[in-house]
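Chain letters run A, B, ... following the sequence lines, proteins first and then strands; every chain starts at 1. All values derive from a computational prediction rather than experimental measurement.
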Amino acid sequence: MEKENKSEQSVKPEKKNILPKILIGITIILTIIISGAIILSGISARKWVSGFNQKYYNDTLELKLPPPKIMSDPAFIRIQKSIAFTKSRLELTRVKPTGLSMDLKDSIVSIEINGVTVHSSKISKIIIPRTLRSVQPYFLSLELSKPLQIAHSFSTIAKEPIIVKTAPKDSTQVGQAHVPDTSNNMPVYFQLAFTNGFRLSVFQEDSPNESCPISRMMFSTRIAFKELSAQLKNLIKFKIPDYQPEIVIFLPASEAKTIYRAIPENGFIAFKLF
Amino acid sequence: MKSFVVRPAFVSDLSFTIRNLTSKFILRIRKFFMIPLLKQFFRFFSFTLIFLGLFILAGWVLVFGIPVTTNLFFNSNAQIKVTDSTLLADSFYKKTMLNANKELKKLEATYSSLTPNQAYMVINTTKNHFFLYRKKKLISEGFCSSGSYIQLKSNDDREWIFKTPKGVRTVTGKTTAPVWRKPDWAFIEEGLPVPPPDHQSRFERGVLGDYAISLGDGYLIHGTLYKRQLGIPVTHGCIRLGDEDLEMVYKTLSIGSKVFIY
């Protein structure tokens, strides 16, 4: 009897642990998503560059472009960039009284009101995507000969730090309902998205006393999650995601705050890239 | 004689289940320890590492995009820095460059003409700092106080936001020994009843300092009794200055001068 029991037990299939299978499954899915995202982003960036150049090649006759040899001449390009920047700054005065001018070549960002430079800050670090260096420079100067309009912005600080205070009912209650402005302690990070698809991220300089890289990463994550649904939809449909060149600059915290609060909603920025 | 204890059926079932589960558990532990420890460690660690790596990479891609691919796929045009020697001799190139230079100079001249030659003042409301210029040169700077951004809500559903207007404003008037005509909010803020428009309790002397410069719409540049608060946004929209700075600004700016506020 005992022998029979033993043989029954050995025939019984053993319960297998399914955890490794789940982990392998997740790993495979992640690998597919990552490789898909890498390939698609590379393709979308290339597509953006060719689309950008094509846009201006198509307008060649209307724009009366100089011959290609001159168009790629560095001295000519240098002057064209300066012309474009000055034109853009002049246009700023026409469209809105307060605007920003960003001379990334000289690392200077300025607030301009009616063409008067009222404030300038030195940029400590600039990151320009390689895609912008890959487009035809003359075409880029044409694109930047007009100021870029802000479509929407995202920030860690309020544009206007409004503090709501209810009026006291009588003179004995005066000074009780004061709410302090907490934005002074907030790290200053903001991102501006322009109507032409460009983006500008402004980060406060890293300070050794604060955990800036972590808070910066948190800010970037919040932006990424805001756009995650759109990107995932594209991935699922095997559609190439939209590429948006992002320029990143680093400024001292007080300067970044001054600049963010000075530029109006849907304001304009004149750029000189390099 | 053996004594028999009669137990209810469910007790014996329960004890059987417990015994069964315990033996299974012990069997599993034995089986687990039969694999060499190093192998277990390697299996567990390598898998966790791969999984974690992929997870971090996925997070990185989502947050920062893929800078590596963007940089690999594109060649920079900024590397060509010298003009082709054949171009330098080309007359069309020379003409194009000459025209471009002329255009640039013309544009720059137009742009620099926008900065007034007349005296003007610049106010930074974020840092509460002012700058005074004459003939495009900085002649004075210092602390000031601008709007507090307090939104005052009265009990009868009226509200005011105490902020300094941004943009460009023009000096519309200048007065010495100004008298402050207190608006309704000054009483509401203090929890006092609002008097009739021309009641004598509305008029206060000395609180605005020795001078006041009007910027239109009721906004003034004036002095203050609370000099410690200079550099802090505490006003109801006006610009407060210290006595010496106020005198300097009063004497420098004339009617029609521009005040740039940002």
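Taking each heavy atom of Ser254(A) and Lys127(B) in turn, the nearest pair found is OG-CE, 3.6 Å. Contact between Phe260(B) and Val118(A) at its shortest, heavy atoms only, is CB-CG1, 3.7 Å. Between Ser154(B) and Ala167(A), the shortest heavy-atom distance links the atoms CA-CB, 3.8 Å. Between Pro168(A) and Glu190(B), the shortest heavy-atom distance links the atoms CG-C, 4.2 Å. Between Tyr93(B) and Ala75(A), the shortest heavy-atom contact is OH-CB, 3.7 Å. For the pair Pro161(A) and Tyr149(B), the tightest heavy-atom approach, listed with the atom from each and the gap, is O-CB, 3.4 Å.
Rounding to the nearest 0.5 Å places CZ of Arg261(A) at 7.5 Å from NZ of Lys166(B). Residue Tyr120(B) holds its OH atom at 10.5 Å from CD1 of Ile113(A), rounded to the nearest 0.5 Å. The OG1 atom of Thr86(A) sits 5.5 Å away from atom CG of Leu104(B), with the distance rounded to the nearest 0.5 Å. Note that the OG1 atom of Thr93(A) and the CG atom of Leu114(B) stand 5.5 Å from one another [nearest 0.5 Å]. Taken to the nearest 0.5 Å, the OG1 atom of Thr96(B) stands 10.0 Å off from the CG atom of Asp73(A). The distance from the CD1 atom of Ile83(A) to the NZ atom of Lys105(B) is 12.0 Å, given to the nearest 0.5 Å.
Summarising the local packing, CG of Asp242(A) is surrounded by 12 or fewer heavy atoms from other residues, nucleotides or ligands at distances under 6.0 Å. Crowding of Lys105(A) atom NZ: a count of heavy atoms from other residues, nucleotides or ligands under 6.0 Å not exceeding 12. The 12-atom threshold is exceeded at CZ of Arg199(A), counting heavy atoms of other residues, nucleotides or ligands nearer than 6.0 Å.
Proximity to chain A involves both the backbone and the side chain of Ile188(B), based on heavy atoms less than 4.5 angstrom apart. Neither the backbone nor the side chain of Ile123(B) has a heavy atom closer than 4.5 Å to any heavy atom of chain A. Proximity to chain A is absent for every atom of Thr125(B), based on heavy atoms less than 4.5 angstrom apart. The part of Thr98(A) that comes within reach of chain B is its side chain, from C-beta onward, which places non-hydrogen atoms under 4.5 angstrom from that chain. Looking at Lys106(B), neither its backbone nor its side chain comes within 4.5 Å of chain A, counting heavy atoms on both sides. Neither the backbone nor the side chain of Phe131(B) comes within contact range of chain A; no heavy atom of the residue lies under 4.5 Å from a heavy atom of that chain.
Within the 4.5 Å cutoff, the side chain of Asn101(B) has heavy atoms near those of the Ile79(A) side chain. Side-chain contact between His119(A) and Val122(B) is absent, with no heavy-atom pair separated by less than 4.5 Å. Side-chain contact between Ile163(A) and Ser148(B) is absent, with no heavy atoms from C-beta onward closer than 4.5 Å. Between Gln151(B) and Glu160(A), the closest side-chain pair of non-hydrogen atoms is not below 4.5 Å.
Ranked by heavy-atom pairs shorter than 4.5 Å toward chain A, the options Glu159(B), Glu108(B), Lys163(B), Lys258(B) are led by Lys163(B). When each of Asn124(B), Thr115(B), Val168(B), Leu107(B) is scored by its heavy-atom pairs under 4.5 Å with chain A, the top score falls to Leu107(B). Counting heavy-atom pairs under 4.5 Å between each of Arg222(A), Gln80(A), Lys87(A), Arg89(A) and chain B puts Arg89(A) at the top.
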Checklist entry - Step by step, would you call Glu112(A) with Tyr111(B) a side chain to side chain contact (heavy atoms under 4.5 Å, CB included)? => result CA-CA 11 Å; Glu112(A) 296 182 1; Tyr111(B) 189 78; 2.4 Å; yes
